[in-house]
Protein chains: 2
Amino acid sequence: MNKINLTTQRKAIFEIIQEAHDHPTAGDVIERLRLKGKQYAYGTVYNSLRYLTDSGLIRELKLGETASRYDARTEDHQHIVCTQCGRVDEVMAELPSDWLNQIAQDTGYTVHETQIVIEGVCKSCATP
Amino acid sequence: MNKINLTTQRKAIFEIIQEAHDHPTAGDVIERLRLKGKQYAYGTVYNSLRYLTDSGLIRELKLGETASRYDARTEDHQHIVCTQCGRVDEVMAELPSDWLNQIAQDTGYTVHETQIVIEGVCKSCATP
DNA sequence: TTTTTAATTTATACTTAGTCTAAAACTAGT
DNA sequence: ACTAGTTTTAGACTAAGTATAAATTAAAAA
């Protein structure tokens with residue numbers, strides 16, 4: 001594992017993700033950088049997000065929306081999305097390992113990762 | 001529930017999805033239609049895929065790739081994607097309901113759907 | 001059967017998210 | 001300071017999908 005090289009830009013972007021508690025998209029990151037008076041090239045933000053993801057400092061979430069979201073919580077966990085308001089919450093409940101083992105056996109795959117997206121309606125949308 | 005109106009185009013597209021056993025993307029559908037000598041407007045294919053999805057005849061799969069895939073198997077099941085060759089297989093193992101109940105309780109959400117994408121390496125990629 | 005209305009398809013322009021490229025600007029090591 | 005390697009920048013480009021307005025088809029009414 002190589003040394004992680006956190007340039008000014010990468011650090012600033014990493015901080016945005018860490019401060020955020022709403023799983024921002026690349027577009028969100030660009031906007032928040034601008035609010036802090038920092039404006040980096042379009043491609044730099046995407047490159048940095050990929051670099052941070054590859055380094056394991058953040059996680060890329062593909063939740064079935066058009067844009068990827070990013071999360072600084074790298075511990076194994078899943079997400080639940082509200083189909084009404086778009087809000088994303090963390091799901092810490094661990095996936096039953098027997099279930100995963102059964103899948104590995106059934107399919108012959110070696111399982112590496114599971115991205116689970118649960119869709120539902122959040123409390124505040126359910127009670128108007 | 002309204003009556004389902006299967007036009008010529010929608011029927012042809014539905015058939016492509018039914019015949020396929022590889023979860024084709026919209027692009028794949030357009031190509032296969034062309035091979036059959038059928039060429040519909042770009043937007044028609046997208047509209048039809050959405051119509052068929054909304055009617056419950058097919059399912060849209062968002063597997064974290066750039067393009068959605070479509071599946072004529074509408075029974076509840078999940079998918080496993082090979083990170084090497086991109087192949088997609090069905091996972092019929094049912095999700096443990098206690099796990100889902102726990103999540104509903106923990107998060108306060110009313111759970112509607114779960115799209116689970118398991119990533120791994122398929123048998124033929126594992127043994128070269 | 002003609003007329004009217006509604007739904008669908010078509011062609012094309014547009015949007016969004018993200019990649020690619022080549023030049024310029026840093027950063028390290030000598 | 002000089003060179004090599006890495007990053008950033010600006011801007012062109014791509015892929016997937018949406019929006020729109022006109023043309024076509026289908027359905028309903030008269």
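Every chain is numbered from 1 and lettered A, B, ... according to where its sequence line falls, protein lines coming before strand lines.
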Report task. Please answer whether the main-chain N or O of A:Asn5 pairs with a side-chain N or O of A:Tyr51 as donor and acceptor at a distance below 3.5 Å. Result -> yes
Query raised in the report: Can a side chain N or O of B:Tyr46 be found less than 4.0 Å away from OP1 or OP2 on D:dG17?
Result: yes
**Report entry** A:Thr7 side chain near C:dC26 phosphate (N/O to OP1/OP2, under 4.0 Å)
**Finding:** no
Report task. Among C:dT9, D:dT7, D:dA16, find the nucleotide with the atom closest to the side chain of B:Asn47. Result -> C:dT9
Report task. Could you tell me whether B:Lys36 and B:Glu19 have a side-chain N and a carboxylate O separated by less than 4.0 Å? Result -> yes
Requested in this report: With the side chain of A:Ser68 defined as its heavy atoms from C-beta on, choose the nearest nucleotide among C:dG18, C:dA17, C:dT9.
Outcome: C:dG18
**Report entry** Out of C:dG18, C:dT9, D:dT9, whichever nucleotide has its closest atom nearest the side chain of A:Ala26
**Finding:** C:dG18
Requested in this report: When you get a sec, tell me which of C:dT10, C:dA17, C:dT12 is the closest nucleotide to the side chain of A:Tyr42?
Outcome: C:dA17
Query raised in the report: OP1, OP2 of C:dT16 versus side-chain N and O of A:Thr66: anything below 4.0 Å?
Result: no
Report task. Would you mind checking if A:Arg87 and A:Asp89 are paired as a salt bridge, meaning a charged N to carboxylate O distance below 4.0 Å? Result -> yes
Requested in this report: Ignoring the backbone of B:Thr44, work out which of D:dT8, C:dT10, C:dT19 is nearest its side chain.
Outcome: C:dT10
Report task. Would you confirm whether B:Asn47, through its side chain, and B:Thr44, through its main-chain N or O, come within 3.5 Å as a donor-acceptor pair? Result -> no
Report summary line: B:Arg10 atom CZ is separated from C:dT9 atom C1', nearest whole Å, by 10 Å
Query raised in the report: From the list D:dT8, D:dA16, C:dT9, which nucleotide is the closest neighbour of the side chain of B:Gln9?
Result: C:dT9
Query raised in the report: Hey, does the side chain of A:Asn5 come within less than 4.0 Å of D:dT7's phosphate (OP1/OP2), counting only N and O?
Result: yes
